[in-house]
Amino acid sequence: MATSNIFVQILDRVRKASDALIAAGILPAGIDFSRVSVEPPRDPAHGDMATNAAMVLAREAGRKPRELAEALAEQLRTGDLIGKVEIAGPGFINLTLNPAAWIAALRTAVQLGPRYGKSDLGGGVRVNVEYVSANPTGPMHIGHCRGAVFGDALANLLDFTGHKVTREYYVNDAGAQVDQLARSAFLRYREALGEDIGEIPEGLYPGEYLKPVGEALAAKLGNALLMQPEAEWLPLVRAKAIETMMATVRADLAGLNVKHDLFSSERDLVEGNIDRVAESIKWLRALGCVYEGRLPPPKGAPVEDWEDREQTLFRSTAFGDDVDRPLRKSDGSYTYFAADIAYHRGKIERGFRTLIDVWGADHGGYIKRMKAAVQALSDGEAELDVKLIQLVRLLRAGEPVKMSKRAGEFVTLREVVDEVGRDAVRFMMLFRKNDAVLDFDLAKVIEQSRDNPVFYVQYGHARGQSVFRNARAAFPDLPADFADPAVLAEASLDRLSDPAELSLIRQIALYPRVIEAAAAAHEPHRIAFYLFDLASQFHAFWTLGNSAPHLRFIIQNDRQMTVARLVLVQALVTVLASGLALLGVEAPNEMR
RNA sequence: GCGCUCGUAGCUCAGCCGGAUAGAGCAUCAGACUUCGAAUCUGAGGGUCGGGGGUUCGAAUCCCUCCGAGCGCGCCA
């Protein structure tokens, strides 16, 4: 796939210029080109693009940056892409492209349509993205949803950039929490049989969402469970409760349009044919990464029931962690970490060398040991990137929404989606860096104003589509498809020469670069910010038409100009729709 | 005490794995509707990028240190 990233195309030109200098003996052969970049300058007066090549290569070449810049500039002046080459500051080479180069970029965008911005950056490498992985102990709330949307968008983005992505959900269906879930459900079962259960005891789940589980059990089994000891009824009730909760979670995710390829069960790791946790520990022990030993007592907040005892430890300090980490609890069962090791080992065994985990920020202290485990499990060949998702503060018109976790009263994801819509939730969750706290204001996100970025961007798309509707009324014989190469070849795109038009085209041409950077950094929020900027430029250009009628999209007596402008609008809606699709947000044709 | 994530305009935040004179929105003030959607746009004021060192041709960005905030610190997940 040839890149549609015009910055990469120009970087190739710079590389060719360097090659020419190598041939001329001005640069040494095999010089390190890796730090050379071509980027848009902050100040438009510096041209369309700037390269740091002369400054970066100067040292190794043993030449002054400006002198080298002169030599490179001379080479860059050849060819038809670049119109103006200037040397500035300490050795920047500022490039101004010929308008034809921008027009070509515009044509590319329209012609590729939904494929514009796609790249083979990932080279088909398999990437495992694990996200949500919320405990099946209740419906999803607003906190879970940010990680869900983030993971989903990141997976979309990686897929778009040539990675083979598997989307996973790790179901924590083992351990003490789901046992407590089972006990809570059992109370609801007794309640359903007519018993007065009073208050739900501390430590259990008080939410009313478990009532249907109790009722279903009562309807199906009558009072059969009441006679049994806990050891007998618990697995049964637990399975029913988990099944019901996971069905809820899946429905909640579907409501957000968050997709997963695979739900992996923690319980299966232990209760399958093979105890994969024991197997993983044994395997690591053979490598010398697991041993029996003692840990120093924890610092900071004193632990009341601390007892010094020998235990099974993972040697995470060998991989940069602060202390070695226990794999078994005092009752002999595995720690969460031990199971997670087995789970990640499974990912590696399935062939993944790039792992991405999306976690809540409160799990930050867990990163080092998990990375250490992945190092040990893969002999250093797999890489784990953990994306921490900061907390969401739910507001209504600036006031915090009251929630009491103890009473089981929290605003569920479903309620939020029902109130403000999936698009608003998804876009806002991505309109912030993942590691920064996010304020989500239920009142603001449904505002129809510039203050609300969701609306602002979607309105940009709708406005673009309205141009087509109006244009077809004015010129009934317009081409059906502006992405048709024949239409594009015939259109007089060189008439798009106003500075405002070229500025909009430049922003459109930036899209592939933004996509690649966002994918490389695992930061989908960059797309959201880019779309906001793009919409902003479009709205600005639109308003120019108010006072300068010749800059309107539809020129009644100039069909040729109208077609050229429609191609520009086509590019705009193409990119807005593409970016919004990556974020999982609708691109509406009208906002009414 | 240690570790992690942070600290950018009055407020909310961007700042593209080191680039040139640090950007946007809100708020404030001043403007643009017989308009292809004014649900929008234009302009102005507003900054020691928490403080201080260091690396570099060049630092909001990398390193050290201090200050401040949030999160975490066997046998919860």
Side-chain angles (χ1 to χ4, degrees), chain A residues 35 37 39-43 45-46 50 52 55 58-59 64-65 88-92 94 133-135 137 172 174-178 266 295-301 303 305-307 309 311 313 321-333 335-337 339-340 360-368 388 390-391 431-433 435-437 439 447-453 455-456 459 462-463 466-467 469-471 473-474 510 513-514 516-518 520-521 523 525-526 529-530 532-533 536 539-547 549 552-556 562 565 569 590-592:
Chain A
R35 289 181 55 226
S37 66
E39 43 196 80
R42 226 188 321 252
D43 187 345
H46 294 143
N52 60 356
M55 291 178 292
R59 176 178 289 235
K64 289 180 181 156
F92 284 103
N94 292 333
S133 298
N135 295 339
T137 53
N172 301 137
Q177 291 190 357
V178 284
E266 179 185 0
L295 283 179
K299 303 274 200 270
V303 179
D305 54 350
W306 165 261
E307 62 167 313
R309 66 176 183 91
Q311 54 189 336
L313 296 169
D321 200 359
D322 310 307
V323 290
D324 292 337
R325 305 292 178 175
L327 299 174
R328 279 180 187 280
K329 306 177 195 171
S330 55
D331 67 359
S333 64
T335 59
Y336 178 80
F337 179 48
D340 220 357
D362 54 340
H363 291 54
Y366 199 76
I367 295 178
K368 281 187 181 179
L388 289 185
Q390 260 295 358
L391 129 150
F431 201 61
R432 183 109 324 164
K433 238 177 350 190
D435 53 14
V437 178
D439 287 344
E447 246 175 51
Q448 298 204 334
S449 74
R450 175 158 203 175
D451 206 12
N452 176 10
F455 167 77
Y456 188 75
Y459 177 44
R463 224 181 187 187
S466 86
V467 175
R469 289 192 291 270
N470 290 315
L510 204 55
R513 179 185 159 84
V514 170
E516 288 182 9
E523 291 184 347
H525 77 271
R526 294 188 191 192
F529 281 97
Y530 165 81
F532 185 80
D533 288 343
S536 172
H539 289 310
F541 182 69
W542 181 293
T543 306
L544 281 181
N546 287 347
S547 49
R552 292 181 190 177
F553 296 103
I554 299 164
I555 312 289
Q556 295 295 344
T562 302
R565 293 252 163 84
V569 178
E590 53 184 351
M591 300 298 283
R592 294 175 206 282

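Heavy-atom basis, side chains included; hydrogens, waters and symmetry copies ignored. Note on naming: letters A, B, ... go to the chains in the order of the sequence lines (proteins, then strands), and numbering restarts at 1 for each one.
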Taking it one step at a time, do A/Arg309 and A/Ser330 satisfy side chain to side chain contact (heavy atoms under 4.5 Å, CB included)? CA-CA 9 Å; A/Arg309 66 176 183 91; A/Ser330 55; 3.7 Å; yes
Atom P, compared across B/rG10 and B/rC16: separation rounded to whole Å: 22 Å
Sequence neighbours excluded, the answer for ring-ring contact (aromatic ring centres under 6.0 Å, His included) partners of A/His46 is none
For the pair made of CZ in A/Arg432 and P in B/rA24, what is the distance, rounded to whole Å? 17 Å
In whole angstrom, give me the gap between the P atoms of B/rC11 and B/rA27. 16 Å
Only counting residues at least two apart or in another chain, list the ones meeting side-chain hydrogen bond (donor to acceptor under 3.5 Å, both in side chains) with A/Asp435. none
Mark this stacking check for A/Phe92 against B/rA20 as yes or no, applying ring centres under 5.5 Å and ring planes under 30°. yes
With sequence neighbours left out, write down each residue that passes salt bridge (Lys or Arg N to Asp or Glu O under 4.0 Å) with A/Asp533, or none if nothing qualifies. none
Partner residues of A/Arg513 under the side chain to side chain contact (heavy atoms under 4.5 Å, CB included) criterion, sequence neighbours left out: A/Asn5, A/Phe7, A/Glu39, A/Pro40, A/Leu510
Sequence neighbours left out, what passes ring-ring contact (aromatic ring centres under 6.0 Å, His included) with A/Phe455? Give chain and number order. A/Tyr459
For the side chain of A/Asn94 and the base of B/rA20, is some donor closer than 3.5 Å to an acceptor across the two? yes
A/Asp331 CG to B/rG74 C1': how many Å, rounded? 13 Å
Pairs under 3.5 angstrom, nitrogen or oxygen only, protein versus nucleotides 40-46 of chain B, please.
unit_1, atom_1, unit_2, atom_2, d
B/rU40, OP1, A/Arg450, N, 2.7
B/rU40, O2', A/Arg463, NH1, 3.3
B/rU40, O2', A/Thr543, OG1, 3.2
B/rC41, OP1, A/Arg450, NH1, 2.8
B/rC41, OP1, A/Tyr456, OH, 2.2
B/rC41, OP2, A/Arg450, NH1, 3.4
B/rC41, O4', A/Thr543, OG1, 3.0

Using the test ring-ring contact (aromatic ring centres under 6.0 Å, His included), find all partners of A/Phe541 that sit at least two apart in sequence or belong to another chain. A/Phe553
To the nearest Å, how far apart are A/Arg513 CZ and B/rG15 P? 13 Å
Could you give the distance separating B/rA14 and B/rG7 at their P atoms, to the nearest angstrom? 8 Å
Under 5.5 Å between ring centres and under 30° between planes: does that hold for A/His46 against the base of B/rA20? yes
Report which part of the nucleic acid A/Val514 touches: base, sugar-phosphate, or nothing (heavy-atom distance under 4.0 Å, all strands). nothing
In whole Å, measure the gap between the P atoms of B/rU12 and B/rC75 for me. 36 Å
Using the P atoms only, state how far B/rC63 lies from B/rG18, rounded to an integer number of Å. 11 Å
Pick base, sugar-phosphate or nothing for A/His525, based on heavy-atom distances below 4.0 Å to the nucleic acid. sugar-phosphate
What interatomic distance, in whole Å, is found between P of B/rU61 and the corresponding atom of B/rA44? 28 Å
Closer to the 5' end of RNA chain B via nearest nucleotide, is it A/Ala361 or A/Glu307? A/Ala361
For A/Leu388, side chain to side chain contact (heavy atoms under 4.5 Å, CB included) partners two or more places apart: A/Trp359, A/Ile367, A/Val386
Quick one: ring-ring contact (aromatic ring centres under 6.0 Å, His included) partners of A/Tyr530, sequence neighbours excluded? A/Tyr511
OP1 or OP2 of B/rG15 less than 4.0 angstrom from a side-chain nitrogen or oxygen of A/Lys433, does that happen here? yes
Hey, does A/Asn172 have a side-chain heavy atom less than 4.5 Å from the side chain of A/Val178? no
Test item: A/Ser536 and A/Arg450 side chains (from C-beta on) under 4.5 Å apart, heavy atoms: yes
Spacing of A/Phe431 atom CZ relative to B/rC13 atom C1', expressed in whole Å: 8 Å
Out of B/rC36, B/rA20, B/rC6, which has the shortest distance to the side chain of A/Asp435? B/rC6
Return the value, rounded to whole Å, for the distance between atom CD of A/Gln556 and atom C1' of B/rC36. 9 Å
Could you give the CD-to-P distance, from A/Glu39 to B/rG18, as a whole number of Å? 10 Å
Counting only Watson-Crick and G-U wobble pairs with both atom distances below 3.5 Å, the stems of 3 or more consecutive pairs that include RNA chain B are B:1-7 with B:67-73, B:10-13 with B:23-26, B:28-32 with B:40-44, B:50-54 with B:62-66
Does the side chain of A/Trp542 come within less than 4.5 Å of A/Val467's, by heavy atoms? yes
Taking side chain to side chain contact (heavy atoms under 4.5 Å, CB included) as the test, write out the residues that go with A/Val323, two or more places apart. A/Arg325
Integer angstrom distance from the C1' of B/rA77 to that of B/rC71: 16 Å
Value in whole Å for how far the P atom of B/rA24 lies from CZ of A/Phe532: 11 Å
Pairs: protein N or O with nucleotides 56-62 of chain B N or O, under 3.5 Å:
unit_1, atom_1, unit_2, atom_2, d
B/rC57, OP1, A/Arg59, NH2, 2.7

Taking only N and O in the side chain of A/Lys368, is any of them less than 4.0 Å away from OP1 or OP2 of B/rU5? no
Go through A/Lys329 and A/Gln311 one step at a time and tell me if the side chain to side chain contact (heavy atoms under 4.5 Å, CB included) criterion holds. CA-CA 8 Å; A/Lys329 306 177 195 171; A/Gln311 54 189 336; over 6 Å; no
When the P atoms of B/rG58 and B/rC41 are compared, how many Å lie between them, rounded to an integer? 41 Å
How close or far is atom P of B/rC73 from atom CG of A/Asp324, stated in whole angstroms? 18 Å
